[in-house]
Amino acid sequence: MNAFKAYKACAPIAWSPNLYITLVRGIPGTRKQHRRTLEALRLGKCNRTVMRWNTPTVRGMIQQVKRLVVVETEEMYKARKQKDEAHQALRPPLIINHQPPSA
């Protein structure tokens, strides 16, 4: 599950001291001002996540590029990471017996 779908599936955002910002749409074709904002947020490639303090300055930058990014609180980010780790965890191997059943 990508960050955008996780964001849409989660509950309303509670206040958090840290914000996790993920770039979910591509940079090519965007306005120069938006590219400069993403550069200031240190978001260079798609599906990269950065952690920033929840300040009015950062919220203003997010507002400017809101169609390109997804914002998560610390709890939402940790829950998504745990879900991804559980999905990628090693599973027990399948054991297939090709021998005919003995009578």
Side-chain angles (χ1 to χ4, degrees):
M1 176 185 285
N2 64 16
F4 186 70
K5 288 182 182 175
Y7 168 73
K8 291 292 183 184
C10 288
I13 297 175
W15 189 86
S16 175
N18 297 323
L19 296 175
Y20 289 83
I21 308 160
T22 305
L23 183 63
V24 293
R25 300 195 64 166
I27 296 174
T30 59
R31 299 169 75 187
K32 188 171 186 176
Q33 185 177 11
H34 293 174
R35 288 194 299 266
R36 303 258 332 247
T37 303
L38 292 172
E39 183 182 329
L41 287 169
R42 303 288 188 255
L43 289 169
K45 294 183 179 180
C46 274
N47 297 320
R48 297 291 168 96
T49 302
V50 295
M51 190 262 313
R52 295 284 175 256
W53 290 335
N54 190 357
T55 62
T57 306
V58 172
R59 286 196 305 264
M61 293 169 126
I62 293 169
Q63 181 68 25
Q64 196 171 37
V65 293
K66 63 185 173 188
R67 61 179 290 273
L68 304 173
V69 298
V70 166
V71 182
E72 297 173 304
T73 61
E74 205 160 353
E75 296 79 24
M76 291 167 64
Y77 178 76
K78 287 180 181 176
R80 181 169 60 92
K81 285 297 177 187
Q82 283 179 348
K83 191 174 181 180
D84 288 346
E85 286 174 8
H87 181 71
Q88 294 176 357
L90 292 175
R91 295 171 182 86
L94 282 173
I95 299 173
I96 300 173
N97 188 5
H98 292 288
Q99 301 293 330
S102 59

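Position 1 is the first residue of the sequence; numbering continues from there.
Closest non-hydrogen pair, M61 versus T37, comes out as O-CG2, 3.7 Å. Closest of all the heavy-atom pairs between R52 and L41 is NH2-O, 3.1 Å. The nearest pair of heavy atoms linking R48 to L43 is O-CD2, 3.4 Å. Annotation for R59 and N54: closest pair NH1-OD1, 2.7 Å, computed over non-hydrogen atoms. The heavy-atom pair separating L68 from L23 by the smallest distance is O-CD1, 3.4 Å.
Among the candidates L38, T49, V50, the single residue satisfying the side chain to side chain contact (heavy atoms under 4.5 Å, CB included) test with I21 is V50.
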Open item on the list: Pair N18, W53 - check side chain to side chain contact (heavy atoms under 4.5 Å, CB included), show working.
Closed with: CA-CA 5 Å; N18 297 323; W53 290 335; 3.3 Å; yes

